[in-house]
J.: 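This is the structure I have questions about; it appears just below.
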Amino acid sequence: MQIVTYENLLGESVVFGAAPPYVLAHVEGTESADVDRKTMKGALQHGETTESVLRQDRALELTINLITLSRVEMYHTRAQLCSALGAESAFDPQTGQRARIVYRNDFGQWWTWAVPRGAPKFQKRIQDIHPSMKITFDCDSPFWFSMKENHGGFSVGDVPFRMPLRFPLRFAAREAEVRLQNSGHVRTPVRIIAKGEGEKPSIVNQTTGKRISFIAPLPEGTEMEINTDPSDLFVRLRHNGTESNAFGYLEVSTPLTEFYLAPGPNLVAYESGSASQKTAVDIYWRDRFEGV
């Protein structure tokens, strides 16, 4: 069983599966994305030396059969498909929001950003059926993402860390550590939300050796959100309904993009920067997969 669901920015969904009118015959592009390999070659060197390997974006191609029971229904269904796959409902240049694809098979389901290249060509027709039509989606990311966003941290104060966990968990101890599990294939960036209490906390991933440290106290009553994803990197400070850039609050010796969760368990430590232990910090992430 394979089902592909396209969700546009208007809240509309198109399901390509086993049931009419959009019957999925074949899907191509769910495997690992191709890579670009950068190399160097020294004088008199045999072969090449790999300097870096970067994944390309992903293209997902569907082959579908449009099956209806009447000529009127066929033309109506064609018009609906063209509307749902329209460019304006796939990408918003002002907010950067994009439509997405959800892919499901017998093992599980995952999603990724997707923009359709357009509606299929309605060329071949057998009575009220359009067979073997192609629809291609360009996907910004080479990865598939878990449907659920994970979150974790520490319980408040000096309460012992216990199982089972109750989410969202929070950092609040002066010095504490917890294991955060990345169940994906590759390292994944994180989204961090800190509630300001006038402290200068630090968050250290002891598995990777990378840290995020505040060099200025986070004012009381504020909320800071940090995203370490290179494709959507930001540090924002919110207070009384306003939002501002807040990169200046952070130590710059470690690039934010280097703070991530490696595949498997990650031992993450929290240091409050004071004895008050008041600042609460939540960490969120999505598992990423090479191919599914």
J.: Charged N to carboxylate O below 4.0 Å: is that the case for R211 and E271?
T.: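 Judged by the 4.0 Å cut-off on N to carboxylate O distance, R211 and E271 do form a salt bridge.
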J.: I'd like to know whether CD of Q127 has more than 12 heavy-atom contacts from other residues, nucleotides or ligands below 6.0 angstrom.
T.: no
J.: Specify whether F122 and H130 have parallel, tilted or perpendicular ring planes, treating 30° as the upper limit for parallel and 60° as the lower limit for perpendicular.
T.: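 Tilted.
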J.: Between I203 and L237, is there a shared hydrophobic cluster once you connect ILVMFWY residues whose side-chain heavy atoms come closer than 4.5 Å?
T.: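 I203 and L237: one cluster.
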J.: Report the residue from D287, V102, I101 that forms a side-chain contact (heavy atoms from CB on, under 4.5 Å) with W144.
T.: I101
J.: Give the intermediate values and the outcome of side chain to side chain contact (heavy atoms under 4.5 Å, CB included) for residues I192 and E225.
T.: CA-CA 6 Å; I192 300 170; E225 182 175 3; over 6 Å; no
J.: Check each of L256, L261, I212 against V190 using the side-chain contact (heavy atoms from CB on, under 4.5 Å) test, and report the only one that passes.
T.: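 Running side-chain contact (heavy atoms from CB on, under 4.5 Å) over L256, L261, I212 with V190 returns exactly one hit, L261.
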J.: Spell out, yes or no, whether L24 and F107 are grouped together once hydrophobic residues are joined by side-chain heavy atoms under 4.5 Å, including indirect joins.
T.: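 Cluster IDs for L24 and F107 match.
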J.: With a sphere of 6.0 Å drawn around CZ of R238, does it hold more than 12 non-hydrogen atoms of other residues, nucleotides or ligands?
T.: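 For R238, atom CZ is crowded (more than 12 foreign heavy atoms under 6.0 Å).
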J.: Could you walk me through whether T207 and L267 pass side chain to side chain contact (heavy atoms under 4.5 Å, CB included), step by step?
T.: CA-CA 6 Å; T207 300; L267 187 62; 3.9 Å; yes
J.: For the CD atom on E51, are there more than 12 heavy atoms of other groups (residues, nucleotides or ligands in this structure) within a distance under 6.0 Å?
T.: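 Count over threshold, so yes.
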J.: Tell me whether the rings of F145 and W111 are parallel (<30°), tilted (30 to 60°) or perpendicular (>60°).
T.: tilted
J.: Atom NZ of residue position K41 - does it have more than 12 heavy atoms of other residues, nucleotides or ligands inside 6.0 Å?
T.: yes
J.: Is E223 salt-bridged to R236, going by a charged N under 4.0 Å from an acidic O?
T.: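 No, this pair does not count.
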J.: When rounded to the nearest 0.5 angstrom, what is the spacing between OG1 in T188 and CZ in R286?
T.: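 Result: 9.5 Å between the selected atoms.
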J.: Taking the six-membered ring of W113 (Phe, Tyr or Trp), confirm whether the NZ or CZ of R98 is under 6.0 Å from its centre and within 45° of its axis.
T.: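 Because its charged atom sits under 6.0 Å from the ring centre and within 45° of the axis, R98 does stack over W113.
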J.: Quick one: does any side-chain atom of T77 pair with a main-chain N or O of E73 as donor and acceptor, under 3.5 Å?
T.: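 Yes: the side chain of T77 pairs with the backbone of E73.
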J.: Take K200 and Y249, measure what side chain to side chain contact (heavy atoms under 4.5 Å, CB included) needs, and give me the verdict at the end.
T.: CA-CA 9 Å; K200 297 191 295 182; Y249 280 86; over 6 Å; no
J.: Say whether D229 and S231, considering side chains only, have a donor N or O and an acceptor N or O under 3.5 Å apart.
T.: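 Distance-only check passes for D229 and S231.
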J.: Side chains of E7 and S13: does their closest heavy-atom pair fall under 4.5 Å?
T.: yes
J.: Under the criterion side chain to side chain contact (heavy atoms under 4.5 Å, CB included), I'd like the reasoning laid out for V14 against T5: C-alpha separation, chi angles, the key distance, then a yes or no.
T.: CA-CA 6 Å; V14 182; T5 303; over 6 Å; no
J.: Can you tell me if S52 and K38 form a side-chain donor-acceptor pair at under 3.5 Å?
T.: no
J.: Is it the case that R37 and T50 place a side-chain donor and acceptor less than 3.5 Å from each other?
T.: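 Side chains of R37 and T50: pair found under 3.5 Å.
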J.: Looking only at heavy atoms, what is the nearest atom pair of F259 and N205, with distance?
T.: CE1-N, 3.8 Å
J.: Counting the benzene-type ring for Trp, do F137 and Y6 have ring centres under 6.0 Å apart?
T.: yes
